[in-house]
Amino acid sequence: MRLFAAAAVVCGLLLPSSVVCAESDLSSTRVQLPNDFTPPQVFKNLNLLRNTNLEKGYVRETVDVVVENVDDKPQREYYLPFPADVFGKIGGLEVRDKKSPEKGRFDAEAIETDSSNDINYYVVQFPDALAPSSQITLRISYSVLSSLSPLPATIHQSEQQYLAYTFSAYALSAYPVDNQKTKLKLPSVNVPDYTTTTGLKSGQDPERQGSVYTYGPYETAKVAPGTQYPVTVRYEFTKPVLTAHLLERDIEVSHWGGNLATEERYWLRNNGSQLEKQFSRLEWTVSTYQGFPTSALRELTFPLKPGSVDPYFTDDIGNVSTSRFRPGKVPNRDGSLELRPRFPIFGGWNYSFRIGWNNDLSLFLRKAIGSSGTYILKVPFIEGPKNPEGIQYEKVVVRVILPEGARNVQWETINGATSNGLPSLSQIHSELNDHKTFMDTLGRTALTLTIENLSDEARSSELLISYDYTLWDGLRKPVTITAGLFTVFVALWFVGSLDVSIKKR
Amino acid sequence: MSLNEVWEAASAHPYSPIISKNSQFFVGFTLLFAALIFTGLFGLNRSFTSIASFGIPASLAFGFGAVYMICAVGVYV
């Protein structure tokens with residue numbers, strides 16, 4: 001192929017082509033602030049309800065807070081504080097007006113201060129400044145990754161696993177809070193240890209109701225902002241604590257083939273309790289046969305889009321035959337790819353693998369109206385496994401490989417009335433570069449999006465990409481090959497027409 | 001206009017390739033076979049007129065045939 005391409009270039013038969021802009025867009029930004037920064041006290045939180053969900057292998061928090069502007073000027077910057085050790089583990093932060101969620105999410109930007117600071121901030125920009133004495137109800141949702149610690153850290157192979165979560169009974173706030181309450185939703189009623197507070201409220205604290213523990217309500221109008229009261233809960237979680245250290249996801253668009261190829265490469269780790277003794281194959285076989293709950297990963301289920309075909313599952317050794325694929329049906333029935341890793345993944349164990357599949361491009365690509373040669377692509381941002389214990393991603397790299405010659409690439413994520421699990425666009429690092437593979441002369445345009453700290457909440461998120469792609473861009477491959485072979489014919493004719501006989505001239 | 005609105009507006013125009021996935025092998029094989037025949041005919045008489053009559057069709061058939069054949073075997077370019 002390269003020979004053909006080189007020949008074509010030499011012949012000058014390759015028509016002038018558009019240049020793919022390989023420009024880099026560093027869209028992830030952080031605001032730098034002085035080290036002794038404290039947010040201006042222009043707001044007051046009248047009522048704060050924090051819902052902490054611990055049913056999965058990571059923490060998902062939703063905070064509903066009624067905010068009042070106590071300043072004499074309109075204000076639009078609201079500061080969200082996080083402890084420095086938690087700040088880097090926050091994922092999928094989203095802030096909305098609870099009363100009108102359809103208006104979309106507010107801009108939230110991370111603020112960078114000195115690393116020695118105990119508290120770091122996100123600054124939330126209200127779309128409209130909040131007038132003095134006016135109120136707004138915010139819904140703040142985010143995940144906290146890698147904040148659950150197994151206790152005990154080592155267990156026997158068939159033992160129950162317990163996780164401990166430490167947090168503050170007083171929600172951390174940059175502003176005074178009049179009233180607040182924290183509700184913890186635990187995965188089971190087996191909670192051997194939890195902190196009982198004293199002096200924060202009258203009566204028992206926390207209050208238990210099944211697997212829901214409620215700390216508060218507290219009247220904290222006289223408590224200084226930033227005051228913390230550490231509490232710990234330890235609860236049973238005999239499931240794997242799945243963490244993908246890295247997920248690389250490639251989505252490749254082929255106009256000639258009418259195909260959308262997806263490949264995902266996972267570097268998985270179980271963050272649960274490690275094994276106390278050596279692994280026993282016999283004990284594992286017995287517990288699997290009897291279906292006992294286990295802290296090891298047995299199986300992963302990937303729901304795939306309707307019409308997905310040609311799945312594969314490989315790891316460092318090669319093809320892994322312990323998988324099952326149930327194809328879906330267009331338009332509504334999802335396919336299902338069920339994978340069993342080569343070995344059970346216990347706490348502290350790693351497993352890396354890759355899976356891939358194909359789809360018809362017609363379900364994901366449309367030709368934009370009103371402009372010739374503009375296409376619009378809509379694909380899931382991430383897919384990934386759907387397990388009851390959930391999965392957290394420390395880093396996700398999504399690479400959308402567009403056809404060779406695609407230009408004027410624009411992208412956005414769909415931002416509906418409910419959370420899509422993604423952070424704001426300013427937290428997504430985007431880059432445009434070239435990707436050279438089979439039959440390419442210039443290289444394909446690849447849009448690379450990098451996000452840190454995602455959870456399986458982002459499974460519902462979708463990515464939209466528009467690009468320009470002309471007829472000549474499409475014809476570049478066959479024309480290049482045609483030109484190459486034509487050059488060979490011309491060369492053959494030319495060499496054949498040379499008179500190399502030995503005779504008198 | 002957001003991209004989502006562009007997507008919704010284009011609902012009546014899904015992308016469809018010229019040759020469907022099921023026909024790629026047939027088209028690719030036929031074109032490559034035609035390229036082989038034309039190349040053979042050119043080899044019998046390597047004159048300037050043969051370039052026009054056999055070389056150009058063979059080149060075109062090979063160019064498009066190679067693209068469809070590589071798609072047919074699962075490498076979607």
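Each chain gets a letter, A, B and so on, in the order its sequence line appears, and its residues count up from 1.
- Along residues 24-40 of chain B, the residues that come nearer than 4.5 angstrom to chain A, judged on non-hydrogen atoms, are Q24(B), T39(B) in order of number.
- Looking at heavy atoms from C-beta onward, W7(B) lies out of side-chain contact with I414(A) at the 4.5 angstrom threshold.
- Heavy atoms of F364(A) lying under 4.5 Å from chain B belong exclusively to its backbone.
- Checking side-chain atoms of Y15(B) against main-chain N and O of H255(A) turns up a donor-acceptor pair under 3.5 Å.
- Just one of T482(A), V488(A), I481(A) meets the side-chain contact (heavy atoms from CB on, under 4.5 Å) condition when paired with F62(B); it is I481(A).
- Atom CD of E8(B) and atom CG of L464(A) lie 9.0 Å apart (nearest 0.5 Å).
- From N4(B), atom CG reaches atom NZ of K378(A) across 5.5 Å, with rounding to the nearest 0.5 Å.
- Smallest separation of non-hydrogen atoms from E412(A) and L3(B): OE2-N, 3.2 Å.
- V490(A) touches chain B through backbone and side chain together, each having a heavy atom under 4.5 Å away.
- Proximity to chain B (any heavy atom under 4.5 Å) is restricted, for L475(A), to the side chain, taken from C-beta onward.
- In this structure, no portion of E462(A) lies under 4.5 Å from any heavy atom of chain B.
- In this structure, I56(B) and F489(A) have side chains that are not in contact, with every pair of non-hydrogen atoms separated by 4.5 Å or more.
- No other option in S11(B), S2(B), P17(B) has as many heavy-atom pairs under 4.5 Å with chain A as S11(B).
- The stretch residues 63-77 of chain B places G63(B), F64(B), A66(B), V67(B), Y68(B), I70(B), C71(B), V75(B), Y76(B), V77(B) near chain A, each with some heavy atom under 4.5 Å from a heavy atom of that chain.
- Neither the backbone nor the side chain of A261(A) comes within less than 4.5 Å of any heavy atom of chain B.
- In this structure, K21(B) and N359(A) approach most closely via the heavy-atom pair NZ-O, 3.5 Å.
- In terms of heavy-atom pairs under 4.5 angstrom with chain A, the leader among S59(B), A61(B), G43(B) is S59(B).
- When all heavy atoms are compared, the tightest approach of P14(B) to S362(A) is CB-O, 3.6 Å.
- Taking CD1 of I18(B) as the start and CH2 of W256(A) as the end, the distance is 5.5 Å to the nearest 0.5 Å.
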